[in-house]
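Accompanying notes for the structure given below.
Chain A is the first sequence line, chain B the second, and so forth, proteins listed ahead of strands; every chain is numbered from 1. Just so it is clear, the values below take in all heavy atoms, side chains as well, and ignore hydrogens, waters and symmetry mates. Everything numeric in this text was worked out from a predicted model, so none of it was measured.
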Amino acid sequence: MSTLLFETLHGRACVGLKGPNAAEWLVTRGVVLPMSPNSWTRSSTPGDSDELLVARLGTAEFFLENAAEGPGLSDLNPALAACPPGVYPVLREDSAFRLSGEGVHEALAQVCNVHFAGLALDPRPVIMTLMIGVAVLVVPQGINNERRYRIWCDPTFGPSLSENLALVVADCGGTIREVSA
Amino acid sequence: MYRLGPRPDEWIDRSTVLHFDFEGKRYQGFEGDTITSALAGAGVAFFGRSFKYHRPRGILSFANHDSNTLFQVDGVPNVRGDVTLLRHGMKVAAVNTFGGLMGDKARILDRFARYLPVGFYYKAFHSKRLFPRWERMFRNLTGLGWVPLDAPRRTTPKRYGFCDVLVIGGGPSGLAAALEAAGAGARVALADEAFRLGGAACTGADRPALESMVQAVRRSPNITVHGAAAAVGYYADHWVALAEPQRMTKMRAQAVVFATGVIEQPAVFRNNDLPGVLLASGAWRLLSRYRVAPGRNVVMVAANLEAYSMCLELHAQGVRIVAIVDLRAQPEPGAAAAECAALGIRASRGFVPLEAVAGADGALAALVIASVDESGRATTGERRRIECDAVLMSVGWAAAAQLLLQAGGSTHFSEELQQFVPKELPAGIFAAGRLNGVYDFAARELDGRRAGSQAAAHAGFGTPSSAIVARSTRCPSHRFPIIDHPLAKNFVDYDEDLQVKDLENAVQEGFDSSELLKRYSTVGMGPSQGKHSNMNALRVLARARRLPIERLGLTTSRPMYHPVALKMLAGRGFNIERRTPIDAQHRSLGAVWMPAGNWRRPEYYAVSGESRVQSIEAEVKAVRSSAGLIDVGTLGKIEIYGREAGLFLDRVYAGKYSDMKVGTTRYGLMLDESGVIIDDGVIARLAEEMFYFTTTTGGSATVFRELLRLNALWGLDCALVNVTGHRGAFNLAGPLSREILQTLTDVDLRDNVFPFLGVRSGQVAGAAVRLLRVGFVGELGYEIHVPAGSAAAVWQALYDAGRPRGLRPFGVEAQRVLRLEKGHFIVGQDTDGLTDPFEANARWAVSMQKPFFVGQRSLKILQARGLRQKLVGIEILGSTRLPKECQLVIDGGRIAGRVTSVARSRTLNKSIGLAMLAPDLAEAGGEIRIRLDHGEMLAVRIVPTPFYDPDNQRQRAAVGP
Amino acid sequence: MKTMVCPLNGPRPISEFAYGGEVRPSPDPNVCSDAEWSAYVFNRSGSPGVKYEWWCHIASGFWFVALRDTARDLVIATYSAETVRNPGLAPLGSAP
């Protein structure tokens, strides 16, 4: 198992949307949607080899992120800006992090009261919770013995959350890194 | 006390010798020793001084159930020596002494004991004139330990833990419960406060079975052992606080098994607190774990089978038992008693300890015993004196039920067992072992299995056992191990220095229930919280009241079970702060930070050669004469979409918005149901079905949350999006603002195209922005809203374009002066929890004609009632004294109002402010008087607002500087 | 630390929630008397009992209604916010 690693991810484009026609609109644009509330899936837009991470927040709001640098969202954004009826953009400029490696659950247990180790990965759950009091979106990834946790939060909380998480990670013997897209 | 030779199962590692200081003398111990065991092994007899009488004290429980062994260690007060591992180089001192342990000057208090009866402080020191002197004396005399004021901050981590079944207690029943629950498939957490599993005393015969259970627990993948982890509090829904030496775990379980056992109780007789008198279980722990013998001539005060088993154990280690003093007239039926007799250990039955006698050195030298009559009282008959250097007390136990009671369990007193046992337990709570009144080893294991199975089933694993394990039939606790003595000094509570007569006096004074007795006498209020004293106190109370114990009941149990250092509860002290995307630029511009709610904002920008006041005044001047740039990214920013978006805004704000033209903005005043102002902002209509609006910095989270609730309640066709943190915002203000901005944007900024209060979307420095023309600081200006990711670049572009024209960044302080010059109120500063729009001169922002809005009905009532206060402008002429915010307006002896904002205005060359005032005084031109610090009165004049540019021309169009 | 079962996010510690007061239908502001309106605005029921309450899961912004026995601090059932204006709806979740 790799060592505990806390990464701040820069340059990932993300977008959010909601509204009565949001789901239908995404489907017509070729985006594969997760069906259950609070779950995620991987999707591609047609004509694009890049992957999109698509999360359903609650029942009717969507959060999409490019898996890597690339034009994955480049079609969606201008189309959203054109104000399709019943489709409301949710501006997402989130700070993005990834926590992985040995001791990841010990680090998470010091900042969040959700039992991540006990969550099954198969249903691809999306967790909205508080980490050190900051509202975060958490997506568990990887396989059972090598889990990675993607974490997003409001960008005005991001630097402070990351400083506090880094304290915990360092104390648990982990490494801190910045990753540019 | 002295150290015996090594044994394979000892808890010390003799290959590592640790040196330490105690009271200035050098001693040595071993790796694995606790502070107490190391001192005992080194033959130290005196460990501390008692709380009130400063009597010399030694080991009593060696289980952290008394405060005789609290120490000051390396600057940390009240370290619990029984459970704290020794470290090399430790400097240890007793607490509660004046001039050191042996030379304690306060030991004279013991001679004055009769003048210090229970509750004496309520009666003696009530002279008001003298009380400050007594208070100073008490503060010096009382308390334990001292806090060094230069102690460094040491943080410890806290973490959450999760399990299906939590078992508290690692003795036979706890181990069995853990194994059974794990076998059913549950994830088990097993917590024990000792450094190793196994629990308290265990006879030689049972040891192999115990050891094999310990091994099985360690091997089980479903059981996580939390060693040296004390469960210190039970909280809702099976949440238990586990305090380990260097961190705290907040453990959530689905079911909890309490296998917390029993706490040994002392016998109460004259001088039972002499160093050398200790509990038998404490002596067992010292002997079996740390290889320290209690003495060379040991007397066992007995009233149960455990006493005899202990004697056999001691004898096998080569310790001489000179006598067993059995309180009971009947012989002990257990086999161990016969074995003791066979070894030639004399047992005096039907005798009680009357008095422990100190030798010349102050330590125990002899025990005087007396025979008892049928009712158990010491007669004036036969006395015997036994020379000894250790007296062990094995007369009974009290249930360690504190956590069980916190969990909502109830207990009742079993006369057969002379112990409280569980009666009714809430769902998910189980009890096993000696806590449950089960004493036989094999039965404890069975009871543990039963509880573990039931706990696992409650958590959803396996089927629950229906076994019923019978409680013990032999009584392990003497019903009244308390021996009266005319000269007293027979201590019930060692922590609080309370003798039997103290409790009887309290009852005589009318404090005759458990709770009253506790509070008046302080029994059970010391660091051990009654662990060794509550049971005996209850017995004394029962005798005095002539009532059975069951009628009297226990005092309420509350967290924490053991003292917990505050640093453990504080944890790392995480500090979360919100920062705007321009944070780094502020820093490089010399921003001096101030907290604004949970944000950090620049108060002003420090410039070398300028004082703070000069910088703020220069920032104000720049805005009024050329241009200023302020980061207002902390404002709440909300978008609302949908067909009924306008209708929603009409309902939640006081004004009318559904009739706004696209491309315009309007001020929004938000009220609560009682008509009080709670927030304000600017509402911009960007499209037919889209509005973008702002809230105050402090209100963004609560306002948004309440709007979500109202949207869920009303079910209108609209949706809300909170972009507060996802958009940055700046205010570029000043006569040159348009000129500067035009160089960077594609939006046509001419007045006829983009008038005051308009909003436009476009680009600035290549980023998509929304531009709003607002009037907060009273100059031509633009609020520029941009996605957070582009904010830093746009700020930099504006700054670079403006600098050559004299632009200065300005901070919160300058902005407060600027808006005050325009007479604009700040919600929560100039308004309070009762201010309605009429009082705040904001009637213009209210559209009463709408069918419904929050606060409307209340406003109708308030309008009819009339004003109770009014917000007015004030000016302070010709004085260098300024009132402070919240200083009072005094008129004819009554409080007629208060100052809400005040500032020196260089722009206007006078000092100005806002004040809430009684309406009858609020005439323009009138004079009012404000009371300053030290009672001086300052006259100020009421003037109309705005103070600056009263016709509001400057914000509407470009005007010369 | 109490556990609240959020109908959308599952069981979470109560620190993840904001309490929004008892669900109290407002009298019709257009027809009620001043006294009735004041009582609605300022008075609250402090007595223990089974009450409908507004609760918000902070991180997701999800408002729902919980039917709670305030004397025993037990949630009996949870409902969508829509239930307040449409009382016939079935609960989202019930206590076992």
List the steps and the verdict of salt bridge (charged side-chain N to carboxylate O under 4.0 Å, His left out) for A:Glu163 and B:Arg572. CA-CA 13 Å; A:Glu163 281 165 15; B:Arg572 291 187 193 277; over 6 Å; no
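- Residue A:Val168 touches chain B through both its backbone and its side chain, counting heavy-atom pairs closer than 4.5 Å.
- Looking at A:Val134, only its side chain comes within 4.5 Å of chain B, counting heavy atoms on both sides.
- A:Glu93 has its side chain out of reach of B:Val723: every pair of non-hydrogen atoms, C-beta onward, lies at least 4.5 Å apart.
- Listed for the A:Asn164 side chain is no donor-acceptor partner under 3.5 Å among the backbone atoms of B:Ile576.
- Across all their heavy atoms, A:His115 and B:Arg187 have their closest contact at NE2-NH1, 3.2 Å.
- Side-chain contact between A:Pro89 and B:Tyr641 is present, with at least one heavy-atom pair separated by less than 4.5 Å.
- The candidate from A:Gly19, A:Cys112, A:Gly133, A:Pro159 with the greatest count of non-hydrogen atom pairs under 4.5 Å with chain B is A:Cys112.
- Between B:Phe574 and A:Gln110, the shortest heavy-atom contact is CE1-O, 3.9 Å.
- No part of B:Ile582 comes within reach of chain A, as not one of its non-hydrogen atoms sits under 4.5 angstrom from that chain.
- The side chain to side chain contact (heavy atoms under 4.5 Å, CB included) test applied to B:Asp717 returns A:Tyr88, B:Arg643, B:Glu644, not counting sequence neighbours.
- One N or O on the side chain of A:Ser160 and one on the backbone of B:Glu577 form a donor-acceptor pair closer than 3.5 Å.
- Identified by a heavy-atom distance below 4.5 Å to chain A, the contributing residues of residues 154-165 of chain B are B:Pro157, B:Lys158, B:Arg159, B:Tyr160, B:Phe162, in residue-number order.
- Contact annotation for B:Glu689: neither backbone nor side-chain heavy atoms come within less than 4.5 Å of a heavy atom of chain A.
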Side-chain donor-acceptor distances from residues 54-61 of chain A under 3.5 Å, at least two apart:
residue: A:Arg56; atom: NE; partner: A:Pro34; partner atom: O; Å: 2.8
residue: A:Arg56; atom: NH1; partner: A:Thr59; partner atom: O; Å: 2.7
residue: A:Arg56; atom: NH2; partner: A:Pro34; partner atom: O; Å: 3.0

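- Here the options are B:Arg578, B:Arg579, B:His726, the test is side-chain contact (heavy atoms from CB on, under 4.5 Å), and the partner is A:Thr156; only B:Arg578 passes.
- Remark: B:Pro581 pairs with B:Ala788, B:Ala791 by the side chain to side chain contact (heavy atoms under 4.5 Å, CB included) rule, at least two apart or across chains.
- No side-chain donor-acceptor contact under 3.5 Å links B:Lys250 to the backbone of A:Asn113.
- If you measure heavy-atom distances from B:Asn722 to chain A, you find no contacts under 4.5 Å at all.
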